[in-house]
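Notes to accompany the following structure.
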Amino acid sequence: MNNLHDLLLAKPFGDGAMELLLFGSFALHLLFVLLMLGTAMIAVFFFAHSWLTGYRFELRWDKRVLRIHLALKSLAVVLGVAPLLIIQVLWSVPFLTAAALLAPYWLGLLVLMITAFLSLDTIGHKIEVRPVRHLIFGVLGLAALMAVPAVFTAVLTLMENPDKWARVAARGLAEEPVLVFHWLMRYLHILGAAALFGGAFHFFFSTKGAEDRHYHLSHWMVVAVLFQVVVGVLLLGSLLDRLTPAIIAAVSVGVAAAMVLVGLAFYRGSEAREGRMKIALVLLPIILVSMLLARQFLQHQAVAPVQATLEARAQTQRALLAPWKASALQGFQAHLATVYDDGETIYANSCAFCHGDGGGGDGPEAASLIIPPERINAVRAQRSYLYQVVARGIPGSGMPYFTVFDRAKLERLLDYMNRQFGMVSPPPAQTHASDPAAAARVFAGTCATCHGTNGKGSAFGRGLRPAPPDLTRYGLTPERAFAVISNGYDGTVMQPFAQLPEATRWGLVSLVQKLRRPGSGPD
Amino acid sequence: MSIALVAVVHVLISHGFAIGLLTLIVLMEQLALRRGDGELEDLAKHLLKPAVIIITAVGAVTGAGIWFTVSVLAPQGIGSMLRVFFWPWFIEWIAFTLEVLVLLPYYFLWERMRARRAGLHVALGWSYVAIAFCSAFLISGILGFMLTPDGWVQNQRLVSAFFNPTFWPQLALRFLGGLALGGLFCLGMVLFSRKPGAELRRRVMRLLGGWILAGGALAALAGWLYFSAVPRTYSVHKVFAVLTSHLSQEGWLLWLGNLLAVVIIAGAAAAALFRLRLAARLLIIPAMILAVGLVIEFERAREFIRGPYLMPGYMYASQVPLTRAEQVRRQGMLSQAAWYAAQPPGLEPRAPAGHALFMANCGVCHSIGGLNDIRDRLAGRTQPSVGVIVRRTEQMVPFMPAFAGTPDEALTMAAYLYELSGSRRSMEAVPPIGRKAGRHE
């Protein structure tokens, strides 16, 4: 969960105007959503109905309905962009919080919509497919389509209940039965509205000269209205503590208009069809607008105080942060001026804080590591080996992998490190008095346990984290090698061998140097 | 990743179909009208149907889908972007709506309008193309801003934000690239469709071959101009951006892939131009796949190289505004977090604070157990070294933002990440420090 709480940039314009814009664009969007969803329901239901009642499939009408669906769906989708845009600016925090809390469902919308549209387009364009396939695509498309408002209503419901966010974040939506009940009613109310609007739309616009369809659709609408009455009452019941006179007034107007609409559907008088259509054309927007007004009042009431608090906080923050602006910009300019493309820049930024500017293993972070960073100015190794270390890192130590830089960059880094510290040059031969025989004995008896007899590392050694370096490809200056043999390497299994006679230790240095492959200078 | 997938599908459809293919269909209709060529008109109409279905069912939904995904993954980022670009996005909405309002009658009324007012129908088609161009214009401003917001950082004016340094080359690239991509899709359909007769197919192939070559060459030029306008700080990371750390050491793959794509696409176009149907049929499928690859490459590089920033100069990829970073360093991230205490149960070991810090700092790019898994990134590191990495992210990896939080919080998160990366084993193998040497002979 992101810790979203406020946005420091100011809103582009006033809340009042934005709410107005939200209302207008949402009404437009919802109108097409209801018509689209209702149309899909009607297409699938009546196809199944005509099949089951044995009066063959009324595909001509179905085709017409489905072609309308393609147009309606396209408009519903694009018209949805504006309300989504406005709501994310107007109620940024509540909306984005609710979407984040229901993230899996919210992201699932995509799959649902694409499935729904492609399925319904399939039967819309290949209308004469076999009835079974027709029904399968229809039911699949419709089911996916009907799931879409479930997600949207869930997000809006959660958005309008800020007091529940923390609990939903901790325990999930299912643990809030009151909220779930409210959401369910809200969702069913949308489905009912879609059935009603889709029904009315086709009742008035696509049943010309077809009395039986006219008749069926009038029943469809009555059922839809009855459904809406039941669900509407339950929905209002879940909102009792939030009702204000304005909300009650808006809902009442909507209910009255819906009743008149149903009356019209049953009116069998001699009056011309066109007359009834005109009345319906006025009534439908009245129902939509009044119900949406009620919805917007409720939303404002629930969400505005939260958002206002956060905006006020953001304003205080803006003032508090103003003094940092200049230094933040300076940091940004410095970042823009740093191009990680040459070895020097990469070393200075990515390596020096551990290995030190001079490669002495004494960068500012060195002290915080249990295994001290390598003194790379004392390393004398094959280039391919160093490349491998830089690219893959050393598991078990602080050295991370650096494949975050492409190969060309790493090669430039190695060029630079070699120029600075001579890392790739062959190690100078050690010149101190030594005891080769004792050294050989110690190496075989002790060192080989980890380093292997040939210096490449024994099976046991390679299993260590960090594993010992491959001495046939990696070495140190004689002084550094002597120091490591005498003092060990902190934090690793490399023990100090200071108790050995000095000549034995110098002998070990020579021995190790001889392990380097013949001719294994710069690789 | 989900953003990327949705975005690529959307770009392919919006550029290839909505801009490219539709422009070609209108052009074909225009030519058919001028020459009285009924067969060509039929072909144009035949191509329109799948285009409309894909644009309205998948293109439009994925467009909204990018938004859905971003609003979950980077809410503060999208919240801030919307406040800067409210009006362009609002105008874009009007453009979208007009696009659909023009496309629907163009599709549904084809026959009726052709019979009576053919000229008007073609005009409707061209007005669709004009609106699609407006759409590309608007989106180029917004996308360009996300990489090169230059003037806006100082003056916070919309005009500076919109007409940013990469605006014009990006607009040219998107529009011309869209035309060429549409040409490829169209060529694929024409080559494998049984609809056009042999003679018509040869004519259309010639048209499409020239179209793809010209469009592609101009798009390549625009692409070059685009990358020249991107600051070097960003552009040097494009190899990694495309190949990711798995393949970043094989940079030649990128250049070979691009070369191959150019050769195959140009080959397919040339085959069409010279009406070699068999060669064109052989090349068109790989050409389309490689063109999709080029689109993915461009979008991935564009998104990634801006590195530690979500909005350069204003906000880090971790959604912490630059000006707030200092405050967070002093006061801490958790003291301002809305509800980290309510973090999910079932995490072993339970570490709500570490988890909340991880989600706030790293969650936009890294996951636990998913893509770019943080456990893989830290596998094999010792606990103190995880601490160093956390403290030094911005310096060490130029496209990672600095840790936002107090030093104590950095330690808390490092401890949590160390536990998570399951690398305790490495410490068990380490003997205690300052031990006495034993006998070794």
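Just so it is clear: chains get the letters A, B, ... in the order the sequence lines come, proteins before strands, and each one is counted from 1.
In this structure, chain A has no heavy atom under 4.5 Å from any part of B/Trp252. Within the 4.5 angstrom heavy-atom criterion, atoms from both the backbone and the side chain of A/Leu336 approach chain B. Both the backbone and the side chain of A/Ala103 come within less than 4.5 Å of a heavy atom of chain B. A/Ala10 touches chain B through its backbone: at least one of N, CA, C or O sits under 4.5 Å from a heavy atom, while the side chain does not. Both the backbone and the side chain of B/Thr62 come within less than 4.5 Å of a heavy atom in chain A. Looking at B/Pro398, the atoms closer than 4.5 Å to chain A (heavy atoms on both sides) sit in the backbone and in the side chain alike. Neither the backbone nor the side chain of B/Leu158 comes within contact range of chain A; no heavy atom of the residue lies under 4.5 Å from a heavy atom of that chain. Both the backbone and the side chain of B/Val61 come within less than 4.5 Å of a heavy atom in chain A. For A/Ala348, the part sitting under 4.5 Å from any heavy atom of chain B is the backbone (N, CA, C, O) and nothing else. Contacts of A/Cys351 with chain B are absent, with no heavy-atom separation under 4.5 Å from either backbone or side chain. For B/His237, the parts lying under 4.5 angstrom from a heavy atom of chain A are both the backbone and the side chain. In this structure, chain B has a heavy atom under 4.5 Å from the side chain of A/Gln333, while its backbone stays farther away. Looking at B/Ile389, only its side chain comes within 4.5 Å of chain A, counting heavy atoms on both sides. When heavy atoms are compared at a cutoff of 4.5 Å, B/Pro308 approaches chain A solely by way of its side chain, counted from C-beta outward. With a 4.5 angstrom heavy-atom cutoff, A/Lys73 touches chain B only via side-chain atoms. No part of A/Arg167 comes within reach of chain B, as not one of its non-hydrogen atoms sits under 4.5 angstrom from that chain. When heavy atoms are compared at a cutoff of 4.5 Å, A/Ile86 approaches chain B by way of both its backbone and its side chain. Both the backbone and the side chain of A/Ser368 come within less than 4.5 Å of a heavy atom in chain B. For A/Leu21, the part lying under 4.5 angstrom from a heavy atom of chain B is the side chain only. B/Ala60 touches chain A through backbone and side chain together, each having a heavy atom under 4.5 Å away.
Between chain B and the options A/Phe332, A/Phe117, A/Phe95, heavy-atom pairs under 4.5 Å are most frequent for A/Phe332. Annotation: maximal heavy-atom pairing with chain A below 4.5 Å, among B/Gly63, B/Ser71, B/Gly79, B/Gly65, occurs at B/Ser71. Ranking A/Ala99, A/Ala322, A/Ser25, A/Ala71 against chain B, the residue ahead of the rest is A/Ala71, based on heavy-atom pairs under 4.5 Å. No other option in B/Trp89, B/Tyr314, B/Phe399 has as many heavy-atom pairs under 4.5 Å with chain A as B/Tyr314. Heavy-atom pairs under 4.5 Å with chain A were tallied for B/Glu394, B/Met400, B/Arg377, B/Gln156; the largest tally goes to B/Arg377. With respect to chain A, the highest number of heavy-atom pairs below 4.5 Å among B/Arg392, B/Gln327, B/Arg232, B/Glu326 belongs to B/Arg392. Chain A forms more heavy-atom pairs under 4.5 Å with one residue of B/Gly307, B/Pro312, B/Gly387, B/Pro321 than with any other, namely B/Pro312. Top candidate by heavy-atom pairs under 4.5 Å with chain B, chosen from A/Ala82, A/Gly331, A/Ala328, A/Ala352, is A/Ala82.
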A/Met113 vs B/Phe68, side chain to side chain contact (heavy atoms under 4.5 Å, CB included): CA-CA, chis, key distance, verdict: CA-CA 12 Å; A/Met113 283 198 266; B/Phe68 285 8; 3.8 Å; yes
Check against side chain to side chain contact (heavy atoms under 4.5 Å, CB included), B/Thr56 and A/Leu70: CA-CA 8 Å; B/Thr56 57; A/Leu70 177 102; 4.2 Å; yes
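Side-chain N or O atoms of B/Gln249 include one that pairs as donor or acceptor with a backbone N or O of A/Phe405 at under 3.5 Å. Judged by distance alone, the side chain of A/Arg407 and the main-chain N or O of B/Ser248 form no donor-acceptor pair under 3.5 Å. A distance-only check finds no donor-acceptor pair linking the side chain of A/Arg465 to the backbone of B/Arg381 [under 3.5 Å]. Looking only at distances, no side-chain donor or acceptor of A/Lys325 sits under 3.5 Å from a matching main-chain atom of B/Leu322.
B/Arg324 CZ to A/Trp324 CH2: the interatomic distance, rounded to the nearest 0.5 Å, is 13.5 Å.
The closest side-chain donor-acceptor pair between A/Trp106 and B/Thr69, if any, does not fall under 3.5 angstrom. Side-chain contact annotation: B/Arg83 with A/Ser92, donor-acceptor N/O pair under 3.5 Å present.
Relative ring orientation between A/His335 and B/Tyr234 is described as tilted, the plane-to-plane angle lying within the 30° to 60° band.
Across all non-hydrogen atoms, the minimal contact from A/Asp121 to B/Ile53 is OD2-CG2, 3.6 Å. Closest non-hydrogen pair, A/Leu7 versus B/Ser80, comes out as CD2-OG, 3.7 Å. Shown here for A/Ser74 and B/Leu104, the closest heavy-atom pair between the two residues is OG-CD2, 4.2 Å. Residues A/Val339 and B/Val236 come closest through the heavy atom pair CG1-CG1, 3.7 Å. The shortest heavy-atom contact between B/Gly313 and A/Leu329 is O-CD2, 4.2 Å. For the pair B/Ala57 and A/Leu118, the tightest heavy-atom approach, listed with the atom from each and the gap, is CB-CD2, 3.8 Å.
Considering A/Val77, A/Leu79, A/Val78 as possible partners of B/Phe96, the one that fulfils the side-chain contact (heavy atoms from CB on, under 4.5 Å) test is A/Val78.
For A/Tyr387, the OH atom sits in a packed shell: over 12 heavy atoms of surrounding residues, nucleotides or ligands are nearer than 6.0 Å.
Between B/Phe86 and A/Phe13, the distance separating the two ring centers is shorter than 6.0 angstrom.
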